[in-house]
Amino acid sequence: MLPTLFNENKCRVGVGVGIQNQKFSISIAGVGGSSTPVQKKAEESNTTTLTPSLLSSSVAFLTLLEVVRTTASIMGSEAQKVFDAKDASSMLMELRGTFETGKTKSYEWRVSQLKSMLKMTEDCEKEIVDALHSDLSKSELESFVYEIAMLRSSLTLTLKELNRWMMSEKVKSTITTFPSSAEIVSEPLGVVLVISAWNYPFLLSLDPVVGAIAAGNAVVLKPSEIAPATSSVLAKVLGEYMDSSAIKVVEGAVPETSALLEQKWDKICYTGNGRVGRIILAAAAKHLTPVLLELGGKCPVVVDSDINIKVTTRRIIVGKWGCNNGQACIAPDHIITTKDYAPKLVDALKLELEKFYGKDPLNSEDLSRVVNSNHFSRLTKLLDDDKVSGKIVHGGQRDKTNLRIAPTILLDVPEDSRIMSEEIFGPLLPILTVDKIEDSFHMINSKEKPLAAYLFTNKKKLKEQFVRNVCAGGLLINDIALHLAVPTLPFGGVGESGMGSYHGKFSFDAFSHKKAVLYRSFAGDAPARYPPYSPGKLRLLKALLSGSIFGIIRALLGWSKA
Amino acid sequence: MLFIAGISSSLDTMSGLSINNNLFALHCRVGAGPASVDRALRNRFANNSTAPLQKHQTHLSFPYHHRYWRLLCSQPCSATLTLMAEEEKKTSDIERASLLVKELRECFDSGKTRSYQWRVTQLKSIAKMVEEREEDIVTALLKDLSKPEMETFVSEISMTKGSCKLALKELNHWMMPEKVKTSMSTFPSSAEIVSEPLGVVLVISTWNYPFLLSLDPVIGAIASGNAVVLKPSEIAPATSSLLAKLLEEYVDNSAIRVVEGAIPETSALLEQKWDKIFYTGSKRVGRIVMAAAAKHLTPVILELGGKNPAVVDSNVNLQVAARRIIAGKWGCNNGQACIAPDYIITTIDFAPKLIDALRSELKEFFGEEPMESKDISRIVNLYHFTRLKNLMEEDKVFQKIVVGGQIDQNQLKIAPAILLDIPEDSQIMEEEIFGPLLPIITVENLKDSFAVINSRPKPLAAYFFTDNEKLKKDFVENISAGGIVFNDTIVHVTVSTLPFGGVGESGMGSYHGKFSFDAFSHKKAVLYRSFKGDSSTRYPPYTPGKQRFLKSFLNGDILGAIFALVGWS
């Protein structure tokens, strides 16, 4: 529990700025550090416009502060106001109350919320772009295309299709239940929790929320504290634009997330890494809560030699460095190509990289920075690994102050190096070589299943083999990352890259229960179903169930004789 | 340790005494089938595992060495020796389980199970097995549960056969990739969703329909091309051992195995990394299974139970309603079914009429002496017998019995019992009954039943007998349950076009028909692009012109896009 991870006590409840401080409770976190944050918060409380309830909570707060200070001086610990399990539980109760009124189930409510969110993306575009720039130095175009426009198209699609998605699906019923009719009814699960990630902090927060709302659920969003500006914008704008009796934002880090995870949710959607994914799944197990996990993986790109090399390299570059500088769950992690072709590919990549980001990529406006110093040092360690440092064929420049690493290509790194055993999630791109391109399949399948696998080729047969043999969340032939823009395709991992999927109607389904409904009438009641079970009944049923008409007739005759 | 203890204590309350009787070893059933192709493989396995197997068998001379047994006795561990033997056994169980998974994974990796031919062959074999060994199956179920032949035939044998047949008929169709439309932003492109097997999956089944609930998920797993391990319930020992024997004989043992056993074996299996775990049983164990799966990020399907309500309106065909309730409750393994009605809700006025009808139909079905009827299953074991007896004999409850309630401990039989107006806070209304007791709760207004149902955890099934169309609509809108049936009970499980599965406390995920295939498949998204039509707006450097164009384009503003293009060029 690193104090830096807590990001200055972010634990606001984003239902509107006015009530934030009321929601605070105080607990003493047993971590090292000064008590400065406490004083800062105390000042905040004092300067807040004092409504009576706020006043009383501020008084209580100050009284407690003394205790805290004493304790802190004894223990040398830092006191923190934490959104704790009690707050989480009362928030959940409120949301459950809302859900039970049936409000969120109505088509009108869902549509009004989705429209409101759409309006928010228009009204607050600048704020969002600024926040993303502050968190990740994300370029405006990237923010617009991958975060805002993607969310808008998800909203537009949902608004257009929602009526149809909500309709129950009539299905055929079988002869054993004749006469009857059957349908599958989609119903909301209840109150759901969305925990999102920092790399696409806007899209990955709101896209699942769109699904949750579309399916008629009440929802709590916990944005990532590692993208604090976006987190706070989300809390603010959702507080303003959405119905806060059913849609809430909880900001915070480990303690807040733990408090949320102690509660019983009807579904949890988590985007992030496998380590936390396991924690979430274990927490969910206690309450039998189903979970959707969107994790990552080492996404491979297989490059054949018969390709349009210019288009290929451009697409790889834009999928790797043009996607948040490699900090994307579907960004290419490494390339696999043939020994002969590798030099050509490296040259082409170098050429296009320079065209895109200039001679001095560290200063390019079009590249995101590395999110924070933790990740920066993780990435530089990967590069400085003895087995790897000599393999850099392009890039490798870094700027610690600005948290920037230039697009870096490595050739023929050993399989057992650190960079090949963990997800890179940054601007480093190793190229592995094989004798025959088909050997890449085995290479991919010997690792954990990735979220995406890419192949560049013109050979039909190779494409077929790739689709048949390579296991991954999704496959994309001759391009990078674009499959997530196709809402008719489910987006989600398999194995270590996650479970469950969303996007388009799959989002709606992810937050719905598919209720089986069978309608029978009182007519046509067959006594053969009921005891006492005579041998004749058994004969008849056997014949009926094995579909033998003669058998049925024989049994019926035999039976009526009996 | 903690984990094993967790399983022990929960399984122990759940399965109780029957585990004591269980002397099962972990039988890794390997390639002993008629097919000699598997012989080599079996030998390899034999070489690897003969020693631990023998060691394990010596441990079997300590039939009561399970940890739960000591917990039950609540004595400090008197025998360090036992503890050591236990630890050793645990280790060897885990080793064996790990070896088993490794072998199956190798088999899966060979690609064998993916082929359509392999899947079809296995499914046909299962269908053949059910056909040929019907008598053995009936006998095993008679032994485990005194299940009447007719019930076994209808709800276990023919359901299994039906599943096989449907899968065989539709498999080709299910396996085909689904073409989907692509969007403008990826033009030109084509897309499809490819169903691929998950890998090696584990099916842990239960004792109440020990044949069907074991094989039905296995059929799904095979249909979608997985290697599979089945762990049948030790509480139905005859069926468990029959399944082990039959699957060894009929299917490809390099990819389909049965592991018999109880807590230690299950724990050893749960330590392994599976690609999916399918569990049918109780909530308590469901939580354990899911927690174990969390360590490996394994997705789970949990088929649990719940207190299934049956709401009865006063405008119904009383005879038919009563018969269908009886068939769904006592005609389904004497109430020991996850979808059996748990309690009835009706109006105060209608309750006496309903009880009379139930009483007279019960007599018609099971005679004056239901304890003597051959058409009703017994209670599975003494633990459950005692549990049910205690539910019935609770102070507030006992005097509420209006029909039946006779018990016979020697034969583990309890006669169909109906209880009227028992208090909401009695134990029988707290837990899933899972037996032949049927409480009737009365409400002033039938609509009040909705609140009664919704105040409890979501059940696996909810039944409603009525002719009132408005009420039907309200029921569907307001009642959350795995499935809903109007004017009948339990028959929705036979409709393969409906997903079968719970929600909330009654489970997660669903199966049956194509849903079984989907449950064990990964839906792989595949997008095909060509090198043509590459647009340079996608690429850096991001000039203001590119931004203008992209914004207009993505906002669907054609004029804007044109302007941007013109201004840009």
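Sequence lines set the chain letters: A, B, ... in the order given, protein chains first and strands last, and positions in each chain run from 1.
- Heavy-atom distances place no part of B:Ser373 under 4.5 Å from chain A, backbone and side chain included.
- Of all non-hydrogen atoms in B:Phe366 and A:Pro531, the two that sit nearest each other are CE2-CG, 3.6 Å.
- With contacts defined as side-chain heavy-atom distances shorter than 4.5 Å, the pair A:Phe506/B:Ile193 qualifies.
- Heavy atoms closer than 4.5 Å to chain B are found in the side chain of A:Val185, but not in its backbone.
- Heavy atoms closer than 4.5 Å to chain B are found in the backbone of A:Ser521, but not in its side chain.
- Neither the backbone nor the side chain of A:Lys267 comes within less than 4.5 Å of any heavy atom in chain B.
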Assess the residue pair B:Arg324 and A:Asp525 against the criterion (side-chain contact (heavy atoms from CB on, under 4.5 Å)); give the C-alpha distance rounded to whole Å, side-chain angles, the decisive distance to 0.1 Å, and a yes or no. CA-CA 9 Å; B:Arg324 288 178 178 177; A:Asp525 200 46; 3.0 Å; yes
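- Using modelled atom types, no side-chain atom of B:Lys523 and backbone atom of A:Gly492 make a donor-acceptor pair closer than 3.5 Å.
- Between the side chain of A:His287 and the backbone N or O of B:Gly504 there is no donor-acceptor pair closer than 3.5 Å.
- If you tally non-hydrogen atom pairs under 4.5 Å between each of A:Ala472, A:Ala149, A:Ser501, A:Ala282 and chain B, the highest count goes to A:Ala472.
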I'd like to know whether B:Val180 forms a side-chain contact (heavy atoms from CB on, under 4.5 Å) with A:Leu489, so could you lay out the CA-CA distance, the side-chain angles of the two residues, the decisive distance to 0.1 Å, and finally the verdict. CA-CA 7 Å; B:Val180 297; A:Leu489 288 177; 3.7 Å; yes
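- Rounding to the nearest 0.5 Å places CG of B:Asp375 at 8.0 Å from NZ of A:Lys537.
- For chain B, the nearby parts of A:Tyr533 are the backbone and the side chain; heavy atoms of each come within less than 4.5 Å.
- When heavy atoms are compared at a cutoff of 4.5 Å, A:Glu122 does not approach chain B at all.
- Scanning all heavy atoms of the two residues, the minimum distance from A:Leu189 to B:Lys458 falls at O-NZ, 2.8 Å.
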Give the intermediate values and the outcome of side-chain contact (heavy atoms from CB on, under 4.5 Å) for residues B:Val316 and A:Phe522. CA-CA 8 Å; B:Val316 295; A:Phe522 291 104; 3.6 Å; yes
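- A 4.5 Å side-chain heavy-atom check between A:Met499 and B:Lys276 finds every atom pair outside the cut-off.
- Of the listed residues A:Asn445, A:Leu476, A:Leu475, A:Leu281, the one with more heavy-atom pairs under 4.5 angstrom with chain B than any other is A:Leu475.
- Residue B:Met150 holds its CE atom at 10.5 Å from CZ of A:Arg529, rounded to the nearest 0.5 Å.
- Remark: the backbone N or O of A:Val467 is paired with a side-chain donor or acceptor of B:Lys524 at under 3.5 angstrom.
- Using a 4.5 Å cut-off between heavy atoms, A:Thr457 touches chain B through its backbone atoms (N, CA, C, O) alone.
- Atoms CD1 and NZ, on B:Ile288 and A:Lys286 in that order, are 13.0 Å from each other to the nearest 0.5 Å.
- A 4.5 Å side-chain heavy-atom check between B:Asp534 and A:Arg315 finds at least one atom pair inside the cut-off.
- Per-residue counts of heavy-atom pairs under 4.5 Å with chain B were compared for A:Gly474, A:Gly322, A:Gly358, A:Gly473; the largest is that of A:Gly473.
- Here the OH-OG1 distance, from B:Tyr539 to A:Thr313, works out to 8.5 Å after rounding to the nearest 0.5 Å.
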B:Asp275 and A:Lys449: CA distance, side-chain angles, deciding distance, side-chain contact (heavy atoms from CB on, under 4.5 Å) verdict: CA-CA 11 Å; B:Asp275 294 301; A:Lys449 297 176 184 175; 4.3 Å; yes
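- Residue contact with chain A, scored on non-hydrogen atoms closer than 4.5 Å, is absent for B:Ala462.
- At a 4.5 Å heavy-atom cutoff, the contact between B:Ile479 and chain A is made by backbone atoms alone.
- Side-chain atoms of A:Asn478 do not come within 3.5 Å of backbone N or O of B:Ser530 as any donor-acceptor pair.
- Looking only at side-chain heavy atoms (C-beta outward), A:Thr488 and B:Thr182 stay at 4.5 Å or farther from each other.
- When heavy atoms are compared at a cutoff of 4.5 Å, B:Lys179 does not approach chain A at all.
- For the set A:Asp266, A:Thr289, A:Ile280, the count of heavy-atom pairs under 4.5 angstrom toward chain B peaks at A:Thr289.
- The contact between B:Glu477 and chain A is made entirely by backbone atoms, counting heavy-atom distances below 4.5 Å.
- With a 4.5 angstrom heavy-atom cutoff, A:Tyr454 does not touch chain B via any of its atoms.
- At a 4.5 Å heavy-atom cutoff, the contact between A:Arg314 and chain B is made by backbone and side-chain atoms alike.
- Heavy atoms of B:Thr466 lying under 4.5 Å from chain A belong exclusively to its backbone.
- Between B:Phe475 and A:Val517, every side-chain heavy-atom pair lies at or beyond the 4.5 Å cut-off.
- Neither the backbone nor the side chain of A:Lys310 has a heavy atom closer than 4.5 Å to any heavy atom of chain B.
- Considering CZ of A:Arg520 and OG1 of B:Thr489, their distance stands at 9.5 Å, rounded to 0.5 Å.
- Interface remark: A:Ile480 contributes backbone atoms only to the contact with chain B (heavy atom separation under 4.5 Å).
- Neither the backbone nor the side chain of A:Ser364 comes within contact range of chain B, judged by heavy atoms closer than 4.5 Å.
- Only the side chain of B:Leu302 comes within contact range of chain A, with heavy atoms under 4.5 Å apart.
- Heavy-atom distances place both the backbone and the side chain of B:Pro499 under 4.5 Å from chain A.
- For B:Ser480, the parts lying near chain A are the backbone and the side chain together; criterion is any non-hydrogen pair under 4.5 Å.
- Two residues are said to be in side-chain contact when any heavy atoms from C-beta on lie closer than 4.5 Å; B:Phe531 and A:Ile307 meet this criterion.
- For A:Ala523, the part lying near chain B is the backbone, with the side chain staying farther off; criterion is any non-hydrogen pair under 4.5 Å.
- Neither the backbone nor the side chain of B:Glu131 comes within contact range of chain A; no heavy atom of the residue lies under 4.5 Å from a heavy atom of that chain.
- For A:His483, the parts lying under 4.5 angstrom from a heavy atom of chain B are both the backbone and the side chain.
- Residues A:Asp479 and B:Arg538 form a side-chain contact, since some pair of their non-hydrogen atoms from C-beta on lies under 4.5 Å apart.
- With a 4.5 Å cut-off on non-hydrogen atoms, B:Asn317 touches chain A through its backbone and its side chain both.
- Of the two parts of B:His492, the backbone and the side chain both hold a non-hydrogen atom closer than 4.5 Å to a non-hydrogen atom of chain A.
- In this structure, CG in A:Asn469 is found 9.5 Å from CD in B:Glu196, a value given to the nearest 0.5 Å.
- Between A:Val171 and B:Leu498 there is a side-chain heavy-atom pair separated by less than 4.5 Å.
- Between chain B and the residues A:Cys471, A:Ala182, A:Gly274, the most heavy-atom pairs under 4.5 angstrom are made by A:Cys471.
- In terms of heavy-atom pairs under 4.5 Å with chain B, the best-connected choice from A:Leu293, A:Leu367, A:Asn458 is A:Asn458.
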